[in-house]
Amino acid sequence: MHQALYRKYRPTVFSDVQGQEHITSILQNEAKNNSVSHAYLFSGSRGTGKTTCAKILAKSVNCLDLQNGNPCGKCESCRAIDNGTTTDVIEMDAATNTGVDYIRDLRDNVMYTPSMLKKRVYIIDEAHMLSDSAFNALLKTIEEPPEHVLFIFATTEQHKIPATIISRCQRFEFRRISLDSLVSRLSYIAKAENISLEPDAARAIAKVAEGGMRDAISVLDQCIAFAGERIELSHVELVLGTVSEESTALLLDAVVAQDYSKMFSLLHDFVQQGKDI
């Protein structure tokens, strides 16, 4: 079965995470100096590395052979987390587990020591979806958790997280990833997959991703399925349904020149091609 490229090339160490050096350098140093906090709040737009950094941090605090703050990826703990064979790293989607009963069960379970790792890590994605009563049930646990527990909250809507939760966490804002960083990563993946990716095509994919690495890599995956081993700008435009800059310039020239025949001819072509007017 084909593995999605964004999963295949998900960073496994902090130094591989693109565009979030202001965060990864701190997390790496905290792991190296054994000064990891008890609770973190990762916020930012989709596909910017929140869950990826949460997983790397979960491995770092449990790694048996830490490499300058990065997980080694080879020890028993790292392999167990990567393979999903440990019950000590719990990923939960708050969008489907919003109720207070689920959180009460979680709160009761944190008292038990980890079964095989050094720390039990709870990664709570889309944390803003938790109900007010669920957040209230977590307050005391987050403020004074057992030594063996680490909470990591990830959200795209930080303004919906209660201030009482935010004040108990170490907070990090994930930025939208720059165009150059996206292009660099897309080019790296294309080369690793033996795909010829034209620079203009990579840039077009990066633009439409709007700062989201996962979106950019997903579009690259679609383009590979469509075009095969050589991806040109025209292939990207066909996959995305976008219009080339040249076509847009022709339309603007027609508007400025008040050439209605040319204008409507171009618009007709766009509609026939299924473009979004």
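No experiment lies behind these values; they were computed from the predicted model shown. Atoms considered below: every heavy atom in the structure, side chains included; atoms not considered: hydrogens, waters and symmetry mates.
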What orientation do F172 and Y40 show, parallel under 30°, tilted 30 to 60°, or perpendicular over 60°?
parallel
Please list, one pair per line, the donor and acceptor atoms closer than 3.5 Å that link side chains of residues 51-58 to other protein atoms, with sequence neighbours excluded.
from : atom 1 : to  : atom 2 : distance (Å)
T52  : OG1    : R10 : NE     : 3.2

Quick check on H159: does its NE2 atom have over 12 non-hydrogen neighbours (other residues, nucleotides or ligands) under 6.0 Å away?
yes
Looking at N34, I want to see if its CG is surrounded by more than 12 non-hydrogen atoms of other residues, nucleotides or ligands under 6.0 Å.
no
Pairs where residues 149-176 contributes a residue and the test salt bridge (charged side-chain N to carboxylate O under 4.0 Å, His left out) is met, not counting sequence neighbours:
E143-R168, E157-K160
What residue pairs, at least two apart or across chains, pass salt bridge (charged side-chain N to carboxylate O under 4.0 Å, His left out) with a residue in residues 107-132?
D88-R120
Tell me which pairs pass side chain to side chain donor-acceptor pair (under 3.5 Å) where either residue lies in residues 195-209, with sequence neighbours left out.
S196-R230, E198-R230, K207-E245
Within residues 56-65 or reaching into it, pairs that qualify as side chain to side chain donor-acceptor pair (under 3.5 Å) - sequence neighbours excluded
K59-D82, D65-Q67
To the nearest 0.5 Å, what is the distance between CE on M116 and CD1 on I81?
8.0 Å
Test of understanding: with ring pair (Phe, Tyr, Trp, His ring centres under 6.0 Å), list the residues that count as partners of F174, not counting sequence neighbours.
F42
For Y122, what residues pass the ring pair (Phe, Tyr, Trp, His ring centres under 6.0 Å) criterion, not counting sequence neighbours?
F151
What's the verdict on side chain to side chain contact (heavy atoms under 4.5 Å, CB included) for M213 and T48, showing C-alpha distance, side-chain angles and the deciding distance?
CA-CA 6 Å; M213 183 65 76; T48 50; over 6 Å; no
Counting distance only, does the side-chain N/O of [X] pair as donor-acceptor with the main-chain N or O of [Y] below 3.5 Å?
| X | Y | value |
| --- | --- | --- |
| H38 | I142 | yes |
| S167 | A163 | yes |
| Q28 | N68 | yes |
| S184 | D180 | no |

So which residues get pulled into [X]'s cluster when ILVMFWY side chains under 4.5 Å apart are joined, directly or through others?
| X | result |
| --- | --- |
| L66 | none |
| Y112 | none |
| L252 | none |

List the residues meeting salt bridge (Lys or Arg N to Asp or Glu O under 4.0 Å) with E21, not counting sequence neighbours, and say none if there are none.
none
Taking only residues two or more places apart in sequence or in another chain, which ones pass salt bridge (Lys or Arg N to Asp or Glu O under 4.0 Å) with D221?
none
Of all heavy-atom pairs linking L197 and A202, the shortest is CD2-CB, 3.6 Å
Which atom pair, heavy atoms only, marks the closest approach of M263 to V255?
CE-CA, 3.8 Å
Working note: I152 + I124, criterion side chain to side chain contact (heavy atoms under 4.5 Å, CB included); need CA distance, chi angles, decisive distance, verdict.
CA-CA 6 Å; I152 306 173; I124 303 176; over 6 Å; no
Using the rule that two of Ile, Leu, Val, Met, Phe, Trp, Tyr join whenever any of their side-chain heavy atoms come within less than 4.5 Å, decide whether I123 and L41 are in one cluster.
no
